[in-house]
Amino acid sequence: MIGLSEFRMLLRKLLFSSKITNNLMRIDCLFDELCKLNDKLEDLSKEINCIRKEIIYNNDKFISYQEKLLNEFSNIKYTQSNLFMSLSVNDLHQKVFPKYRNINTGKNVVLIAPGPSLNFYKPIENSIHIGVNRACLFDKVQLDYLFVIDYKVTKNFFNKIKSYPNCKKFLGAFFNIGTDISIPFFEKEGQDIENYFIDCNNFDYQEKFYPDLSTSPLPSFWSVTFSALAFALWTNPKKLYLVGCDESDFESYEYFNGEKAILPDNVSGFKENHKIKHAQGWKELKRFAEVYYPTTEIISVNPVGLRGMFKDLYTITH
């Protein structure tokens, strides 16, 4: 027989053992719950990552779509601007240039630029003379036509441009350039004045000579000379003489009358770009003339920078 004290001790052991078991069971249950929660957290984390990736993907799609819309908007504005420019050019040039088409067929045309070699020019008789900018200050020839751009360069003698007698003056205008090179509207009035549009003046823009001046802008290549050349070819001369187109070093460039060229503030970059644009212009002129005016002979009179590009004619020794 088990005594009371012994039974009590056994009961205590059993109770103690039962408590541990229950606690272990509770711990196991809690652990299971924790495992389940951890699984849920992992699932939730995966779901969050998926949502995050989807947000990033959608955001990238949105940014890409936004950029696409902006590009389309920019293209529409560019097209709209080009359309406006084309309509404006066509409207003006249809009124200006058709009457000059082939007007000099069989004749000699002399283009007068204001380089130092102009001083040695002996006027070619029975020729049409086309001048540019300050060529109107050269008093040894009577100009028939005068092409003018860049009010900053011509402002000081613009009154002489407008008062030059028996000469048709062509005043060029750029699109979207409202700077001190733009000729003011009040200077563009007069019976002997024709207005025209010039092609884009940006350095990166690839300019060219257009076959039909009645529907297209005239070239710039950073010089009014190229607009005058386009017009000269449009009149279809037998011979085209280039006088005073010296293409000298622009930084130390002097005109025929000893005046220095007006340089912009950022002369270092302008000087190099100026040379590049002019070189492009002369190469494009040569290519264009060979294709569209193969019977017109282009002759450089006392050339300096243009030696060898066209037929050279020397009346002085350099």
Calculate, to the nearest 0.5 Å, the distance between atoms SG and CD1 belonging to Cys167 and Ile161 respectively.
10.0 Å
Does the side chain to side chain contact (heavy atoms under 4.5 Å, CB included) test come out yes or no for Leu242 and Leu306, once each step is laid out?
CA-CA 10 Å; Leu242 308 179; Leu306 295 181; 4.3 Å; yes
Determine, step by step, whether Arg134 and Thr154 satisfy the side chain to side chain contact (heavy atoms under 4.5 Å, CB included) criterion, reporting the C-alpha distance in whole Å, the side-chain angles of both residues, the deciding distance to 0.1 Å, and the verdict.
CA-CA 7 Å; Arg134 71 183 64 233; Thr154 59; over 6 Å; no
For Pro165 and Gln142, work out which heavy atoms get closest and say how close.
O-NE2, 2.9 Å
Any salt bridge linking Glu297 with Lys311? Criterion: basic side-chain nitrogen under 4.0 Å from a carboxylate oxygen.
yes
Going by ring-ring contact (aromatic ring centres under 6.0 Å, His included), name the residues that satisfy it together with Phe157, two or more places apart in sequence or in a different chain.
none
Within this structure, what is the CG-OG distance for the pair Asn90 and Ser216, rounded to the nearest 0.5 Å?
8.5 Å
Whichever hydrophobic residues join Ile55 through chains of side-chain contacts under 4.5 Å
Ile51
Heavy-atom check, side chain of Tyr293 versus side chain of Phe288, under 4.5 Å:
yes
Donor-acceptor contact below 3.5 Å, side chain Tyr164 vs main chain Leu143
yes
Quick one: do Lys169 and Glu194 satisfy salt bridge (charged side-chain N to carboxylate O under 4.0 Å, His left out)? Show the steps, please.
CA-CA 6 Å; Lys169 295 105 179 183; Glu194 302 270 27; over 6 Å; no
Plane angle bin for Tyr145 and Phe170 - parallel if under 30°, tilted between 30 and 60°, otherwise perpendicular
tilted
Residues in side chain to side chain donor-acceptor pair (under 3.5 Å) contact with Asn119, at least two apart in sequence or another chain:
none
Could you tell me whether the side chain of Thr296 and the main chain of Pro237 form a donor-acceptor pair under 3.5 Å?
yes
Determine the minimum heavy-atom distance between Ser220 and Ile198, stating which atoms define it.
CB-CG2, 3.4 Å
Which heavy-atom pair separates Val89 from Pro217 by the least distance, and what is that distance?
CG1-N, 3.7 Å
Answer whether the closest heavy-atom distance between the side chains of Lys99 and Ile103 falls below 4.5 Å.
no
Once side chain to side chain contact (heavy atoms under 4.5 Å, CB included) is applied, do any residues pair with Lys286, and if so which ones, sequence neighbours excluded?
Glu290, Met309, Phe310
Starting from the C-alpha separation in whole Å, work towards a yes-or-no answer on ring-ring contact (aromatic ring centres under 6.0 Å, His included) for Tyr196 and Phe147.
CA-CA 10 Å; Tyr196 71 95; Phe147 278 75; 5.5 Å; yes
Closest approach of Leu218 and His93, non-hydrogen atoms and distance?
CD1-CE1, 3.7 Å
So, Lys160 side chain and Asn156 main chain: donor-acceptor pair closer than 3.5 Å or not?
no
Between Ile193 and Glu189, which heavy-atom pair has the shortest distance, and what is it?
CD1-O, 3.4 Å
More than 12 heavy atoms of other residues, nucleotides or ligands under 6.0 Å from NZ of Lys155: yes or no?
no
Measure the CD1-NZ distance between Ile124 and Lys239 for me, rounded to the nearest 0.5 Å.
8.5 Å
Side-chain heavy-atom pair Ser127, Val109 within 4.5 angstrom cut-off:
no
Rounded to the nearest 0.5 angstrom, the CD-CD distance for Glu42 and Glu47 is 14.0 Å
I'd like a table of donor-acceptor pairs (distance under 3.5 Å, sequence neighbours excluded) in which one partner is a side-chain atom from residues 226-235, with atom names and distances.
{"residue": "Ser227", "atom": "OG", "partner": "Pro219", "partner atom": "O", "Å": "2.7"}
{"residue": "Trp234", "atom": "NE1", "partner": "Phe97", "partner atom": "O", "Å": "2.9"}
{"residue": "Thr235", "atom": "OG1", "partner": "Asn104", "partner atom": "ND2", "Å": "3.1"}
{"residue": "Thr235", "atom": "OG1", "partner": "Ala232", "partner atom": "O", "Å": "2.6"}

Run the numbers on Val110 and Ile130 for side chain to side chain contact (heavy atoms under 4.5 Å, CB included), then give the verdict.
CA-CA 6 Å; Val110 182; Ile130 303 175; over 6 Å; no
Would you say the side chains of Asp246 and Ser117 form a donor-acceptor pair under 3.5 Å?
yes
I'd like to know whether NZ of Lys188 has more than 12 heavy-atom contacts from other residues, nucleotides or ligands below 6.0 angstrom.
yes
Between the side chain of Asn133 and the main-chain N/O of Val224, is any donor-acceptor distance below 3.5 Å?
no
If you take the centroid of each ring, where Trp contributes its six-membered ring, are Phe197 and Phe174 closer together than 6.0 Å?
no
Go through it in stages, so that I can follow the logic: the residues are Ile112 and Val132, the test is side chain to side chain contact (heavy atoms under 4.5 Å, CB included), and I'd like the CA-CA distance, side-chain angles, deciding distance and then a yes or no.
CA-CA 7 Å; Ile112 303 290; Val132 298; over 6 Å; no
Interatomic spacing from CG in Leu240 to CD1 in Ile298 - rounded to 0.5 Å:
5.5 Å
Could you list the residues that satisfy ring-ring contact (aromatic ring centres under 6.0 Å, His included) with Phe138, not counting sequence neighbours?
Phe256
Counting only heavy atoms not in Lys46, do more than 12 sit closer than 6.0 Å to its NZ atom?
no
Minimum heavy-atom separation for Gly172 and Ile149, please, with both atom names.
CA-CG2, 3.8 Å
Tell me if a side-chain donor or acceptor on Asp91 pairs with a main-chain N or O of Leu87 at a distance below 3.5 Å.
no
If you round to the nearest 0.5 Å, how far is CD1 of Ile299 from OH of Tyr241?
4.0 Å
Quick one, Lys168 and Leu146 - any side-chain contact, counting heavy atoms below 4.5 Å?
no
